[in-house]
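Accompanying notes for the structure given below.
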Amino acid sequence: MDIDDEITQRYDPHDVEPEVKEYWEDADAYEAAKEAHSDDPDLYFLDGPPYTSGQMHLGTAWNKTLKDAVVRYLRMRGHNVTDRPGYDMHGLPIEVKVEEELGFENKSDIEEYGVENFIDECKEFAEENLGAMNDDFRSMGVWMDWDDPYRTLSPEYMEGAWWGFKQAFDRGLVERGKRVINQCPRCETAIADAEVEYDEIESPSIHVRFPLEDEDGSLVIWTTTPWTIPANLYVAVDGDAEYAKVRATKDGVDETLYVASDCVEDVLRAGRYDDYEVVETFDGDALVGREYEHPLADEVPRQRELDDEEGVHRVYSADFVTTDKTGLVHAAPGHGVDDFEVGQEHGLPVFSPVGPDGAYTDEAGEYAGEFVRDANPDVIEDLRASGALLAEGKESHRYGHCWRCDTPIIFAATDQWFITVTDVKDRLLDEIEESEWHPDWARDSRFRDWVENARDWNVSRQRYWGIPVPIWETESGDRICVGTREELAELAVEDIDPDEIDLHRPDVDDVVLEHPETGERAERVEDIFDVWLDSAAASWAALDYPSEDDAFDELWPADLIIEAHDQTRGWFWSQLGMGVSALDEIPYKEVVMHGHALDEDGRKMSKSVGNIVTPQEAIDRHGVDPLRCFLLSHDQQGDDMRFSWDEIEAKKRTLNVVWNTYRFPLPYMRLDGFDPDSTTVDDVETTTVDNWVLSRLQTTLSRYIEYMDGYEIDKAQRVLLDFMTEDVSRFYVQVVRPRMWEAEDSSSKNAAYATLYAVLEGATRMLAPFAPYLAERMYDNLGDVTTVHALDFPEPDESLRDETLEERMEILRDAEEAAANARQQAERKLRWPVRRVVVAADEDTRDALAALEELFLDRVNAKSLELFEEYDELIEVAEPQMGAIGPEFGEDAEKVMNAVRGEPREKVEGGVDIDGEKVTLGDDMVEYRDETPDNVEAAEFEDGTVYVDVSLDDEIRAEGYARELVRRVQEMRKELDLDVEERIRVSFDAADELLDLAMRERDYILEETRADEITDEIDADLRENWDIEGTSVTIAVELVHV
RNA sequence: GGGCCAGUAGCUUAGCUAGGUUGAGCGUUCGGCUGAUAACCGGGAGGUCCUCGGUUCAAAUCCGAGCUGGCCCA
């Protein structure tokens, strides 16, 4: 290798990063890194596909950065890591964007425009976004296989989804049936639970009387969705709660009402009754089985027919009932999930007189054709007219909206395709045990909770842009599920080229199959898949299975996935559901779950709040590596991250320290032609401090690996950066600096070179996963492999570790800090030597300092070190206690005080002299405290106390003045812009003894300033006046031309 | 309404699993160094460890209740 690069003054990511980027491209560095580990054991990392409807935001930037850091690390630890990125490219959100662009309002606009054209637009939109997102991720320095991402719209991928679905179908887990689903009336399709967003809205809030059949009185129900009353089929109560029969009076008229006991007062107040009386109370179970008359039977004739059916318009007990409004819940199995399930238990029909567009059907009688939410006032009016309305108001509450078009959703029972994951719930719960999660509570508390409550998965959508449901039905109701393109071609009536056919609508809609057994013609069902099913198949579809099977056979299931905590309901779940349904196995082994990026106030970033920070802004201001390191500096396991400009800035500063540490020795190494290959730490005589920093390097590496292996990226980063700043920059480099300008053949200098080289090389590897650009730039000057990312992490070298030395150095640094503190109190700067430093401490501490005495003296600039258990030169000084002295001495008290204050103990105890009289003081009149002698200052550290004796003598003055002069000459050299090598002559002129003393150190001055002589005969290139400790000194410097 | 996670200095956070004087970085202020110098280093000030209650000789840490924020669900 050559250390020959010019290093810019400061660390500027905007210089480093483009340069490295270009180098990576020229040198095919990414390919080289992969190649270097291609023979290592396989590790299947699976990238969760981001959705191609927008651009990279801070959350996805964090996600990809974390993945990248982990992948780079795993490679360097010896794994052949799969890194194919993915994109989720189908689905309603893209349809909605395209509809917006084209100015469409509903599905008929699409049909008019032509499904094929619409699909083309969607495809183009998705492709465009993919390109932009690819660029975004690249710009974050993420190394994945950007040239060949898996795309959910590719034929291979779509086939993978079909194949998975067919496995589930063959295992009897696919069902068509009525279920209550979230329906977006604008998009006219079912939407997933995951696609419902909850916002606050205001709805009517009504109390309604449901008159009992064959007896006096009414059940009182409460609802915020009056439009569901036309579909009401039963009323639910809490069987265990207490209910009351109430006689209520209003305007002189009595009536009987049934409500939960907890609710009596509220309900009666809402109904503005004048008076009431609780006639009797009973368990909810006592109400079960009572029948009532539907209050809108006149408006909805169908309700009369339904009334004849067994069990309809009756009271049931259900555990979803709470007693906070009336304790009686109006239930419409066609419009509520709970209502549906309890209805099914009791064999009730499903009545859902609402179309996909949210308009009532003919079955809704008088309401037919009206949009349900618009019908609310009519329903209320009709209830009022018939006397059923007991109270009316408004209520603000959270209500589900379509996540893309923001329309309030409705619940409706429609025919859908389901994967009946509830049939395999035990397997799902067993299989999650087979996966390891970081943090572990993500699995055991959060994910398990979700899986336990999971319902059958509605996978069908009544839309266009998606993977078509691969089911064909014959007229007699037989179903064919197609798993591959090959199979499709075999079963198709017409000739189809399996390599050519586009599996999207509308092409596939036209394919007619022939039933292999009956020979009957079969037509495809119109639905497409829920987009969550697409990504659910990723673990095999990203390997192009089933069209290719080598990779699948070797790699499946995925070893590792890394996503944010919102994926509990998303990809973590959908993959599990699909994997178990299709292959009876969880498709991933290890999960890292990270958090969300919040704004500086800890709120979520959103367009409407306007608090979004884009990764690009951050990169523009501070560079990629500082942003990456910032993103990776928070807890990566489950915790959210608050964005902070200051922190990125701080991170850049820390990286700058690393940069300076790296660039500091380079000019010297270059000058001396240092060759790290021939001069390693094994070839040189290392000193104690060299051994120490090499030991620290190994300790750091070992802790780094431990943290990285547990995906505690933040802690690994901290260990590394602490080492680089605290140990290397703040200590080792400071200690080792003088060795850099020793004579050319100095073995101590070579040892420092070899040591620093080893430290920098090791640290650069550790830095590579976090700050890939900076690490590459540094490595460029340190090593000769194409890229630092192709290297390995060696196991820590235990033979280089010396724990005792590390502990002792820790003590030395503490003591040094205390000494600096004491100096500061004594106002004696470090440039001036001190005669003596005394440390009082326990034996271990003394041993440590004794072992490192030379280094310690050098660090604190002291002539000698003395070590004691206790420092016996402290003086006990008297403090008069006026509370006792005052009463005793009266008007002489002040004299006594002055005579005592600040005197040493033995003098006071011998009696003090007051106006020529010897006075003895009682014990209560004086207290003593320890004080250091003159010229000694003390400072404590964790293991003891440091005493610094700053007494001056001529020798110390001579050295101090000499160093003061040297420093000024250095400053002048710099002003003259002299090279380190250039020789000078120098003259000093001062009135005082200063020069006489300083000249005792003449040789030192000559050496340090690179001066040939000190002389008065000088042709000065620069002459300046200085003030040194109050003395005026004139210094002149002349450059010696060779 | 339920589940999970978080709340420590002005800001970002460590410590919490295994209870024993809250530790750092940024900012601020005072100082040092001056051959890494538009760099670097040290000292000081700054904390009701979200609140209340409990367990304990002892609680930031364990337990309970509540408040605030985030995610997930109803």
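As the structure is a prediction and not an experimental result, all values here were calculated from the model. In the text below, chain A, chain B and the rest are named by the order of the sequence lines, each starting its count at 1. Excluded from the calculations below are hydrogen atoms, water molecules and symmetry mates; all remaining heavy atoms, backbone and side chain alike, are included.
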Could you work out the separation of B/rU48 and B/rA9 based on their P atoms and round it to a whole Å?
8 Å
Pair assignment for B/rC62, Watson-Crick or G-U wobble, requiring both distances under 3.5 Å:
B/rG54
Side-chain N,O (A/Arg831) to OP1/OP2 (B/rC41) below 4.0 Å
no
Output field: ring centroids A/Trp659/A/Tyr662 closer than 6.0 Å:
yes
Checking N1-N3 plus N6-O4 or O6-N4 for Watson-Crick, or N1-O2 and O6-N3 for wobble, each under 3.5 Å, the partner of B/rA45 is none
Side-chain N,O (A/Arg963) to OP1/OP2 (B/rC33) below 4.0 Å:
no
Side-chain N or O of A/Lys715 less than 4.0 angstrom from OP1 or OP2 on B/rG15?
yes
Check whether any side-chain nitrogen or oxygen of A/Arg642 sits under 4.0 Å from OP1 or OP2 of B/rU12, and answer yes or no.
yes
Locate the shortest heavy-atom distance separating A/Ser535 from A/Gln575; write the atom from each residue and the value.
O-CG, 4.1 Å
Evaluate salt bridge (charged side-chain N to carboxylate O under 4.0 Å, His left out) for A/Glu433 paired with A/Arg443, printing each intermediate quantity in order.
CA-CA 9 Å; A/Glu433 298 291 332; A/Arg443 184 190 76 180; 3.7 Å; yes
Go ahead and name the base partner of B/rU34; Watson-Crick or wobble counts if both distances stay under 3.5 Å, otherwise write none.
none
So A/Arg718, base contact, sugar-phosphate only, or nothing? Heavy-atom distance under 4.0 Å.
sugar-phosphate
Describe the nucleic acid contact of A/Ser633 in one word from base, sugar-phosphate, nothing, applying a heavy-atom distance below 4.0 Å.
nothing
Would you mind reading off the distance between A/Glu649 atom CD and B/rC11 atom P, rounded to a whole angstrom?
19 Å
May I ask you to say what A/Tyr668 touches in the nucleic acid, namely base, sugar-phosphate or nothing, with a heavy-atom cut-off under 4.0 Å?
sugar-phosphate
Do you know which two heavy atoms are closest between A/Leu429 and A/Ile432, and how far apart they sit?
O-CG1, 3.2 Å
Does A/Glu971 reach a base, just sugar-phosphate, or nothing at all? Heavy atoms under 4.0 Å.
sugar-phosphate
Atom-pair distance (CG on A/Asn453; C1' on B/rC4), nearest Å
13 Å
Checking contacts here: which listed nucleotide (B/rC4, B/rA36, B/rC11) is nearest the side-chain heavy atoms of A/Trp441?
B/rC4
Distance check, P atoms only: B/rU17 and B/rG7, in whole angstrom units.
14 Å
Looking at B/rC73, I'd like to know if its phosphate oxygens (OP1 or OP2) sit under 4.0 Å from a side-chain N or O belonging to A/Arg569.
yes
Using purine N1 to pyrimidine N3 plus N6-O4 or O6-N4 for Watson-Crick, or N1-O2 and O6-N3 for G-U wobble, each under 3.5 Å, what pairs with B/rA6?
B/rU68
By the 4.0 Å heavy-atom rule, please label A/Thr661 as base, sugar-phosphate, or nothing.
base
Expressed as a whole number of Å, how far does the C1' atom of B/rA18 sit from that of B/rA65?
26 Å
Compute the ring centroids of A/His335 and A/Phe411, then answer whether they are less than 6.0 Å apart.
no
Sticking with atom C1', work out how far B/rG46 lies from B/rC57, rounded to a whole angstrom.
32 Å
Without decimals, in angstroms, what is the distance between A/Arg828 CZ and B/rG31 C1'?
16 Å
Measure CD/A/Glu726 against C1'/B/rG25 and give the value in whole Å, please.
10 Å
Base, sugar-phosphate, or nothing: which does A/Asp338 touch, judged by heavy atoms less than 4.0 Å apart?
sugar-phosphate
Taking any strand in view, what nucleotide pairs with B/rU13 in a Watson-Crick or G-U wobble way, both distances under 3.5 Å?
B/rG23
Between B/rC41, B/rA39, B/rU37, which nucleotide has the shortest distance from any of its atoms to the side chain of A/Asn660?
B/rA39
Regarding A/Arg443, tell me which of base, sugar-phosphate or nothing describes its non-hydrogen contacts under 4.0 Å with the strands shown.
nothing
Under the criterion salt bridge (charged side-chain N to carboxylate O under 4.0 Å, His left out), I'd like the reasoning laid out for A/Arg823 against A/Glu937: C-alpha separation, chi angles, the key distance, then a yes or no.
CA-CA 7 Å; A/Arg823 268 179 179 276; A/Glu937 284 293 343; over 6 Å; no
Side chain of A/Val733, heavy atoms from C-beta onward: which of B/rC73, B/rC40, B/rA36 has the nearest atom to it?
B/rA36
Which residue is it: A/His594, A/His596, A/His634, A/His565? I am looking for the one with a side-chain hydrogen bond (donor to acceptor under 3.5 Å, both in side chains) to A/Asp640.
A/His565
Between CD of A/Glu341 and P of B/rA74 the distance, given in whole Å, is 11 Å
Under 3.5 Å donor-acceptor, A/Thr225 side chain and A/Thr228 backbone
no
Rounding to an integer number of angstrom, what distance separates B/rG27 and B/rG64 when you compare their C1' atoms?
39 Å
Quick check on B/rC41: is either OP1 or OP2 less than 4.0 Å from any side-chain nitrogen or oxygen of A/Arg813?
no
Determine the Euclidean distance between corresponding C1' atoms of B/rC41 and B/rC62; express it in Å to zero decimal places.
42 Å
What's the CG-P distance between A/Asp814 and B/rG43, to the nearest Å?
10 Å
Let me spell it out: for each of A/Val657 and A/Arg737, pick the nucleotide of RNA chain B with the closest heavy atom. Which residue's pick is nearer the 5' end?
A/Arg737
Contact nearer the 5' end of RNA chain B, comparing A/Trp832 with A/Val728:
A/Trp832
So, is A/Arg653 near the phosphate of B/rG27, with a side-chain N or O under 4.0 Å from OP1 or OP2?
yes
Can you tell me how far P of B/rA36 sits from CZ of A/Arg730, to the nearest Å?
16 Å
Closest of B/rC71, B/rG42, B/rG70 to the A/Asp640 side chain is B/rG70
Spacing of the C1' atoms in B/rA58 and B/rU22 (rounded, Å):
16 Å
Quick one: does A/Glu817 reach the base of B/rG43 with a side-chain donor-acceptor pair under 3.5 Å?
no
Selection from B/rC5, B/rG25, B/rG3 that lies nearest to any side-chain heavy atom of A/Arg446:
B/rG3
Grab the CH2-C1' distance between A/Trp645 and B/rG27 for me, whole Å please.
18 Å
Write down the distance separating the P atoms in B/rG10 and B/rA6, rounded off to the nearest Å.
23 Å
So what does A/Val337 touch, heavy atoms closer than 4.0 Å: a base, only the sugar-phosphate, or nothing?
nothing
Evaluate whether atom CD of A/Glu706 has more than 12 neighbouring non-hydrogen atoms of other residues, nucleotides or ligands under 6.0 angstrom away.
no
Output yes when at least one side-chain N/O atom of A/His634 is less than 4.0 Å from OP1 or OP2 of B/rU13, else no.
yes
